[in-house]
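Each chain gets a letter, A, B and so on, in the order its sequence line appears, and its residues count up from 1. Heavy-atom basis, side chains included; hydrogens, waters and symmetry copies ignored. All values reported here derive from a predicted model rather than from experimental measurement.
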There are 2 protein chains.
Amino acid sequence: MSRTPPHPTREQIELPMVLDCLSDPIRLTIVYQLAQQERVSGELCCGDFNGLAGKSNLAYHFAKLRECGLMQTRVAGTNRFVRLRREDLDARFPGLLDAVIASAAKDADRLRLLPECEVVEAE
Amino acid sequence: MSRTPPHPTREQIELPMVLDCLSDPIRLTIVYQLAQQERVSGELCCGDFNGLAGKSNLAYHFAKLRECGLMQTRVAGTNRFVRLRREDLDARFPGLLDAVIASAAKDADRLRLLPECEVVEAE
DNA sequence: CCCGATGTTCAACGTTTATTGAACTATCGA
DNA sequence: TCGATAGTTCAATAAACGTTGAACATCGGG
């Protein structure tokens with residue numbers, strides 16, 4: 001569990017898998033928030049997403065994002081840091097990631113991927 | 001069965017649904033071939049895709065593509081013509097469709113969405 | 001008016017998916 | 001060394017998905 005998990009090579013990244021990965025609201029939110037972070041460190045810790053779902057569910061989504069080549073995991077002590085594989089994705093599918101992120105930003109309210117995600121409970 | 005089936009309005013088109021729709025190889029192929037057709041009539045007849053899958057299976061994929069807002073169906077006699085909802089998609093998600101199509105074109109051989117799709121049968 | 005062609009609808013099926021909680025592993029700090 | 005923390009793995013479940021074939025509806029041409 002301590003070693004860095006396997007990632008696909010750049011050439012192994014497949015378009016349908018990437019699109020399928022991005023089609024899930026939780027994963028799209030993760031990607032979107034990682035994209036926001038690109039201007040800073042580019043990295044976020046797994047725990048930073050704990051608000052989105054339960055921990056085991058998040059681990060499932062992280063694995064999918066990693067296996068399809070969308071993001072990269074770095075192990076640091078008891079933490080794991082994730083980041084977008086921006087260079088590989090831009091090389092494989094130029095403009096795709098930016099278009100998806102821009103589209104997500106446009107619909108941020110609709111997708112509920114805003115910083116503060118208030119869940120309104122109707123009775 | 002004769003009347004034009006329901007389509008979502010432009011504003012009803014949702015990003016995750018569009019991405020999910022595009023993540024299926026058969027649907028991606030349909031979209032890709034419709035995009036090729038944009039320089040000509042922009043339309044193709046349902047039957048033009050009969051090589052991709054069985055007819056009932058195609059009807060299923062057509063329905064998904066229509067319901068997510070990716071394409072439009074026009075009834076003409078006993079035929080049905082489909083086309084990309086280019087304007088609506090570009091308005092909703094600028095650059096997305098083009099990026100996806102360009103990515104698909106880049107991987108056309110890998111995705112087997114070339115005009116002649118030879119299926120190599122290993123014993 | 002029927003026949004053939006075009007496509008859809010329906011029920012059935014096996015597979016994949018997302019989600020959960022419990023158990024587990026690994027690391028850091030006191 | 002012990003305990004708390006971070007995150008993964010596993011088994012179980014329910015829902016959604018893609019594929020199939022048979023039945024159906026509609027239109028155009030003889």
Side-chain angles (χ1 to χ4, degrees), chain A residues 1-7 14 16-31 34 43-68 70-83 111-113 117 119, chain B residues 1-7 14 16-31 34 43-68 70-83 111-113 117 119:
Chain A
M1 182 183 173
S2 75
R3 210 54 271 129
T4 297
H7 294 74
E14 304 269 9
M17 282 189 183
V18 168
L19 294 174
D20 183 53
C21 231
L22 292 168
S23 74
D24 180 276
I26 291 183
R27 290 192 293 260
L28 184 56
T29 304
I30 293 170
V31 167
L34 284 176
E43 286 187 321
L44 280 177
C45 166
C46 286
D48 293 335
F49 301 97
N50 282 343
L52 293 178
K55 288 171 69 169
S56 69
N57 189 217
L58 278 183
Y60 165 75
H61 288 300
F62 289 147
K64 289 225 113 184
L65 286 163
R66 183 168 34 72
E67 286 160 12
C68 87
L70 268 167
M71 78 184 203
Q72 199 175 356
T73 302
R74 181 175 67 89
V75 180
T78 177
N79 287 321
R80 279 150 122 92
F81 291 91
V82 291
R83 70 183 316 139
L111 294 164
R112 292 213 220 79
L113 30 84
C117 167
V119 177
Chain B
M1 182 187 174
S2 74
R3 211 53 270 132
T4 297
H7 295 74
E14 303 267 9
M17 283 189 183
V18 168
L19 295 174
D20 185 50
C21 232
L22 292 167
S23 74
D24 180 274
I26 291 184
R27 291 192 293 260
L28 184 58
T29 303
I30 293 171
V31 167
L34 285 176
E43 285 187 322
L44 281 177
C45 167
C46 285
D48 294 335
F49 300 98
N50 282 343
L52 293 178
K55 289 170 68 169
S56 69
N57 188 217
L58 279 182
Y60 165 76
H61 288 300
F62 289 147
K64 289 225 114 186
L65 285 163
R66 183 167 35 72
E67 286 160 12
C68 86
L70 268 167
M71 78 183 204
Q72 199 174 354
T73 302
R74 179 175 69 86
V75 180
T78 175
N79 287 318
R80 280 151 120 92
F81 291 92
V82 291
R83 71 182 319 138
L111 295 164
R112 291 216 221 78
L113 32 83
C117 168
V119 178

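For the pair R66(A) CZ and dG7(D) C1', the computed distance is 12 Å after rounding to whole Å. Atom pair M17(A):CE and dT16(C):P shows a separation of 12 Å (rounding to whole Å applied). The distance from atom CG of N50(A) to atom P of dT8(D) is 10 Å, rounded to the nearest whole Å. If you measure from atom CG of L44(B) to atom P of dG7(C), you get 11 Å, rounded to the nearest angstrom. Spacing between atom CG of L65(A) and atom P of dT17(C) amounts to 14 Å, rounded to whole angstrom units. R74(B) has its CZ atom 18 Å from the C1' atom of dT8(C), to the nearest Å. Remark: C1' of dA6(D) and CZ of F62(A) are 11 Å apart, rounded to the nearest angstrom. Atom CG in L28(A) sits about 16 Å away from atom C1' in dA18(C), given to the nearest Å.
A heavy-atom distance below 4.5 Å is found between the side chains of P6(B) and R66(B). Put simply, the side chain of P25(B) does not reach to within 4.5 Å of the side chain of L28(B), judged on heavy atoms. Counting heavy atoms from C-beta on, the side chains of V18(B) and L70(B) come closer than 4.5 Å. Between P5(B) and R80(B) there is a side-chain heavy-atom pair separated by less than 4.5 Å.
Across every non-hydrogen atom of C68(B) and C21(B), the tightest pair is SG-SG, 3.4 Å. L65(B) and R27(B) make their closest contact through CG-CD, 4.0 Å (heavy atoms, listed as atom of the first residue, atom of the second, distance).
Summary for the helix from dC1(C)-dG30(D) to dA30(C)-dT1(D): the axes at its two ends, each from 5 pairs, differ by 20° when rounded to the nearest 10 degrees.
Between the OG1 atom of T29(A) and the NE2 atom of H61(A) there is a distance of 9.5 Å, given to the nearest 0.5 Å. Distance check: I30(A) CD1 to M71(A) CE gives 6.5 Å after rounding to the nearest 0.5 Å.
Regarding contacts with the backbone of dG7(C), a side-chain N or O of N79(B) is found under 4.0 angstrom from either OP1 or OP2. Distances shown here put a side-chain N or O of R80(A) below 4.0 Å from the OP1 or OP2 atom of dT8(D).
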Legend entry - Annotated protein contacts, base or backbone, on nucleotides 15-20 of chain D with a non-hydrogen cut-off under 4.0 Å, one of B, S, - each: --SBBB

Expected list for residues 43-59 of chain B: side-chain donor-acceptor pairs under 3.5 angstrom, two or more places apart:
from: E43(B); atom 1: OE1; to: R74(B); atom 2: NH2; distance (Å): 2.9
from: E43(B); atom 1: OE2; to: R74(B); atom 2: NE; distance (Å): 2.7
from: E43(B); atom 1: OE2; to: R74(B); atom 2: NH2; distance (Å): 3.3
from: D48(B); atom 1: OD2; to: C45(B); atom 2: N; distance (Å): 3.0
from: N50(B); atom 1: ND2; to: G47(B); atom 2: O; distance (Å): 3.3

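Each of dT8(D), dT26(D), dT8(C) was ranked by its minimum atom distance to the side chain of A59(B); first place goes to dT8(C).
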